[in-house]
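Just below is one structure, and these are the notes that go with it.
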Amino acid sequence: MSPIYEGAYDAGHLHVAVIASRFNATIGKRLLEGAMDCLKRHGVRDDDVSVAWVPGAFELPLAAKQIASSGEFDAVVCVGAVIRGATPHFDYVAAWAATGIGEASLETGVPISFGVLTTDTTEQAAERSGGKAGNKGFDAALAAIEMASLMAALPKPKG
Ligand code: INI
């Protein structure tokens, strides 16, 4: 039978970077806490986690690309909150954060997870950053761990 590839959650050997967006800082801090909690619970050593702050979600892709290109990390976690408010800025920032993070991951071959909330209100963001709807930072860190494990297990690119 052909192999079935799946990522595992034993992360004691992983080096992980978490990039947090300072815009909507209260939410960003909670998402970062969620990500750190997840990494710790899955065995990642404190010394093997680096944290970087960027001004806003728009800046996440560039920082993620450079960190992922360093070769020092098995996975990168991006966290932040884009809250709609009354401006079309929301759409540009949210779309670029998602697209740019995805591109950075494809270009570097390093898993970069998307822990960026895109909500209509601050209340919705609070619910998803340690409130009744969980913590998206925790979820993004878990996805990063699983993907780092999966990427190590998958057949390597030719050449
Ligand atoms: N950045 C965010 O992270 N969240 C937002 O909700 C947001 N809004 O709505 O404007 C936001 N804007 C700042 C943006 O990410 C950049 O930091 C800024 O445009 C400078 O490049």
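Nothing here was measured: the structure is a model prediction, and the numbers come from that model. Atoms within each ligand, like the ligands themselves, are counted from 1 in listed order.
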For the residue pair His42 and Phe138, does the interplanar ring angle fall in the parallel (under 30°), tilted (30 to 60°) or perpendicular (over 60°) class? perpendicular
With the side chain counted from C-beta on, respond yes when Ile145 and Leu14 share a heavy-atom pair under 4.5 Å apart, and no when they do not. yes
I'd like a table of donor-acceptor pairs (distance under 3.5 Å, sequence neighbours excluded) in which one partner is a side-chain atom from residues 127-134, with atom names and distances.
{"from": "Arg128", "atom 1": "NH1", "to": "Gln124", "atom 2": "O", "distance (Å)": "2.9"}
{"from": "Ser129", "atom 1": "OG", "to": "Ala125", "atom 2": "O", "distance (Å)": "2.9"}
{"from": "Ser129", "atom 1": "OG", "to": "Ala126", "atom 2": "O", "distance (Å)": "3.3"}

Note the single closest protein heavy atom to atom 3 (O) of ligand 1, along with its residue, its atom name and the distance in Å. Ala57 N, 2.8 Å
Atom 1 (N) of ligand 1: closest protein heavy atom, distance to 0.1 Å, is Phe23 CG, 3.3 Å
Could you tell me if the side chain of Val49 sits less than 4.5 Å from the side chain of Val18, heavy atoms only? yes
Can you tell me which residue and heavy atom of the protein come closest to atom 19 (O) of ligand 1, and the distance to 0.1 Å? His89 NE2, 3.5 Å
Under 4.0 Å from ligand 1, counting heavy atoms only, is it the side chain of Glu59, its backbone, both or neither? side chain
Which of the numbered atoms in ligand 1 are under 4.0 angstrom from any heavy atom belonging to Asn24? 4 (N), 5 (C), 6 (O)
Using distance alone, decide if ligand 1 has a nitrogen or oxygen within less than 3.5 Å of any nitrogen or oxygen in Ala81. yes
Proximity to ligand 1 by part of Val82, non-hydrogen separation under 4.0 Å: both
Between OG on residue Ser69 and CD on residue Glu107, distance to nearest 0.5 Å: 8.5 Å
Close N or O approach (Phe58, ligand 1; < 3.5 Å): yes
Heavy-atom distance under 4.5 Å between the side chains of Thr121 and Arg84, does that happen here? no
Do any N/O atoms on Ile83 end up under 3.5 angstrom from N/O atoms on ligand 1? yes
Contacting atoms of ligand 1, where contact means under 4.0 angstrom from a heavy atom of Ser21: 3 (O)
side-chain hydrogen bond (donor to acceptor under 3.5 Å, both in side chains) partners of Asp48, counting only residues at least two apart: His15, Arg45
Does ligand 1 come near enough to Pro55 that some N or O of the ligand is less than 3.5 Å from an N or O of the residue? no
Between CG on residue Asp74 and OG on residue Ser149, distance to nearest 0.5 Å: 10.5 Å
